[in-house]
Amino acid sequence: GQVFLNLVVNAAQAIREGDAEHNEIRIDTRLDGARAVIEISDTGAGIPPEIVGRIFDAFFTTKAIGVGTGLGLAICHRIVTDMAGELTVRSELGKGTTFSVALPVAETDHPGVAARLLPTAPVVDARIGRILVVDDETLVGTSVKRILKSHDVHVLSNAKEALARCVAGEAYDLILCDLMMPDMTGMELHRELMRVGPRMAGRMIFMTGGAFTPEAREFLITRDHIEKPFNSADLRRLVQRHLTGG
Ligand SMILES: Nc1ncnc2c1ncn2[C@@H]1O[C@H](COP(=O)(O)OP(=O)(O)OP(=O)(O)O)[C@@H](O)[C@H]1O
Ligand SMILES: [Mg+2]
């Protein structure tokens with residue numbers, strides 16, 4: 001990342017202000033055999049041939065004091081070389097400059113080498129579940145829904161309605177349920193679900209907010225729960241573990 005930032009800043013600094021139509025900084029990527037090549041091109045001033053051999057030297061700069069320290073390209077060169085890559089330059093005075101970063105593609109016996117160069121997709125949860133979230137604090141419901149956005153998440157703010165849905169035959173892979181709610185608590189919902197359909201009751205995970213009654217503490221000993229506030233990674237891991245039956 002630092003390498004590309006340096007190169008793009010250099011490119012921008014090589015272009016004089018004005019003439020916006022003609023000015024351009026391009027970034028191209030391609031696969032060249034076992035190497036990924038990323039090129040940053042600009043339509044700036046170009047580099048005079050007599051100094052092009054020195055631009056990768058530390059502290060070599062043509063910029064005013066305070067503008068450049070001359071370390072940018074030296075650092076880029078070092079980083080790319082450390083990764084077994086190559087940083088090269090082509091430049092034409094008055095026309096522009098192209099810096100080319102060639103990096104070895106990770107060795108793999110996988111046929112989809114090109115796919116590995118694509119920007120990595122957001123982490124996809126292994127299994128998508130239909131999940132019911134029950135919490136009287138609507139903020140909890142909306143944030144859980146956002147964290148678990150790759151799932152089919154339904155949010156309710158009271159346990160009675162959740163019970164009604166289950167009684168009506170709605171099925172969920174998982175019920176994330178607050179423990180302490182005014183109308184009907186998570187424990188009461190659990191008890192009712194045991195009567196109408198133990199399968200649903202067994203799919204409950206309780207979200208707890210700290211202070212428990214002794215009854216609640218005992219209830220939780222044998223049941224899966226997550227303490228609020230939780231971080232998104234922990235929640236997603238817990239959900240995934242349940243969905244895959246672990
Ligand atoms: N895209 C470019 N077009 C024209 N000249 C360039 C370009 N990139 C680098 N140069 C020349 O190479 C010199 C060295 O670049 P380098 O990034 O190492 O240092 P700098 O940009 O001067 O300072 P720093 O990056 O430390 O702020 C620059 O001063 C400039 O003369
Ligand atoms: Mg620089």
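First listed ligand is number 1; within each ligand, the first listed atom is number 1.
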Which residue owns the protein heavy atom closest to [atom], what's the atom, and how far is it?
atom: atom 20 (P) of ligand 1; answer: Lys63 NZ, 3.7 Å
atom: atom 17 (O) of ligand 1; answer: Asn10 ND2, 2.8 Å
atom: atom 18 (O) of ligand 1; answer: Leu73 N, 2.7 Å
atom: atom 31 (O) of ligand 1; answer: Thr62 OG1, 2.5 Å
atom: atom 11 (C) of ligand 1; answer: Ile55 CG2, 4.0 Å
atom: atom 22 (O) of ligand 1; answer: Thr61 OG1, 2.6 Å
atom: atom 7 (C) of ligand 1; answer: Phe99 CE1, 3.9 Å
atom: atom 13 (C) of ligand 1; answer: Phe60 O, 4.0 Å

- Option whose closest heavy atom lies nearest to atom 27 (O) of ligand 1, chosen from Ala45, Ala11, Gly68, Ala58: Gly68
- Who gets closest to atom 23 (O) of ligand 1 by heavy atom: Ala14, Pro48, Gly70, Gly72? Gly70
- Item | Intermediate values then yes/no, salt bridge (charged side-chain N to carboxylate O under 4.0 Å, His left out), Lys95 and Asp42 | CA-CA 8 Å; Lys95 288 230 171 103; Asp42 66 67; over 6 Å; no
- Query: Does any donor atom in the side chain of Glu39 or Thr98 lie under 3.5 Å from an acceptor atom in the other side chain?
  - Reply: no
- Does the side chain of His151 come under 3.5 Å of the side chain of Arg130 through a donor N or O and an acceptor N or O? no
- Going by heavy atoms, is Gly46 under 4.0 Å from ligand 1? yes
- Message: Against ligand 1, does Phe56 come closer than 4.0 Å with any heavy atom?
- Response: no
Side chain, backbone, both or neither: the part of [X] lying under 4.0 Å from ligand 1 by heavy atom:
X: Thr97; value: side chain
X: Leu7; value: neither
X: Thr69; value: both

- Note on the structure: Tightest non-hydrogen contact, residues Thr138 and Ser157, listed as CG2-CB, 4.4 Å
